[in-house]
Undergrad: 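Quick one: structure below, then a few questions.
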Amino acid sequence: MGSDRLSNQMRRLRLDNGQMTQQDLADKVGVTRQTIIAIEAGKYAPSLPLAFRIAQTFGVPIENVFQYKNTD
Amino acid sequence: MNRAQKIALYNLIVIVVSISFSVGAVIMVALSTGFPVAFAGFGFLGLCIFTALAPLLFRKEKQYKVEHDERDILITKNSELTANNCSNVFFVLVSIIALFIFGLNGTVSVLTLPIMVAGAYAISGLARSVSVLVQYGRGGNNG
């Protein structure tokens with residue numbers, strides 16, 4: 001479910017946005033806190049709609065939240 | 001642990017206990033009385049019925065806005081696929097083993113059929129529970 005090539009800046013963005021908790025972010029984007037934990041740990045790759053909702057919550061482009069490493 | 005993990009762990013314990021009692025009973029009766037009387041020990045697989053209590057024992061957690069999201073749906077789907085595949089493999093293995101034990105012209109007791117079904121249910125439940133726990137366990141530190 002995770003991806004080795006996908007990294008994210010969610011934790012930093014959360015803390016930069018008024019020390020938002022994982023539960024607060026989960027409530028805003030409509031998922032469970034466990035899912036936010038798994039995404040931040042790189043254990044779960046979110047769906048595209050969820051990734052966009054997370055980016056919109058932080059008010060930044062999606063590329064600022066998630067980075068994909070192309071090793072080819 | 002969320003509700004799905006608690007239910008999976010409960011089901012895992014119930015099924016393991018059920019299988020242990022069954023195998024133990026079959027062995028003990030087989031040593032004292034022999035087959036086919038020993039097959040009655042598989043009746044302990046009926047303890048798996050207690051897995052039906054899981055939704056009643058572990059109520060929905062109303063404190064959270066979202067209880068079941070896309071990740072939970074994905075984990076449920078993967079675990080159901082695993083359970084289905086394991087039960088299919090179980091049926092195939094039992095059929096092939098029966099062929100080798102009883103031979104081409106052999107016969108099996110009618111009791112074999114419900115035992116096979118109960119065994120497949122236990123195996124699929126076991127696989128589903130383990131799959132759920134492993135997939136949630138990969139998610140890092142769970143709340």
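In this text, all values refer to a predicted model and were calculated from it rather than measured experimentally. Throughout, protein chains are lettered first and strands after them, A, B, ... in sequence-line order, and every chain is numbered starting at 1. Atom set for the values below is all heavy atoms of this structure, side chains included, hydrogens, waters and symmetry mates excluded.
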Undergrad: Quick one: pull up OG1 in A:Thr35 and CG in B:Leu74 and give me the separation to the nearest 0.5 Å.
TA: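 Between atom OG1 of A:Thr35 and atom CG of B:Leu74 there are 10.0 Å.
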
Undergrad: More than 12 foreign heavy atoms under 6.0 Å from CD1 of B:Ile49: is that the case here?
TA: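 It does not: B:Ile49 CD1 has 12 such atoms or fewer within range.
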
Undergrad: Check whether any side-chain heavy atom of B:Asp72 lies under 4.5 Å from a side-chain heavy atom of A:Thr32, and answer yes or no.
TA: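 Yes, side chains in contact.
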
Undergrad: Give me the atom names and distance for the closest heavy-atom approach of B:Glu70 to A:Tyr44.
TA: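 Looking at all heavy atoms of both residues, the closest pair is OE2-OH, 2.7 Å.
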
Undergrad: Please indicate whether B:Phe90 has more than 12 foreign heavy atoms, meaning atoms of other residues, nucleotides or ligands, lying under 6.0 Å from its CZ.
TA: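 For B:Phe90, atom CZ is crowded (more than 12 foreign heavy atoms under 6.0 Å).
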
Undergrad: So with a 6.0 Å cut-off around CZ of B:Phe21, is the heavy-atom count from everything else above 12?
TA: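 It does not: B:Phe21 CZ has 12 such atoms or fewer within range.
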
Undergrad: Nearest 0.5 Å please: distance from the CD atom of B:Gln135 over to the NZ atom of A:Lys43.
TA: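 Answer for the CD-NZ pair, B:Gln135 versus A:Lys43, is 14.0 Å.
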
Undergrad: Counting only heavy atoms not in A:Arg11, do more than 12 fall under 6.0 Å of its CZ?
TA: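 12 or below, so no.
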
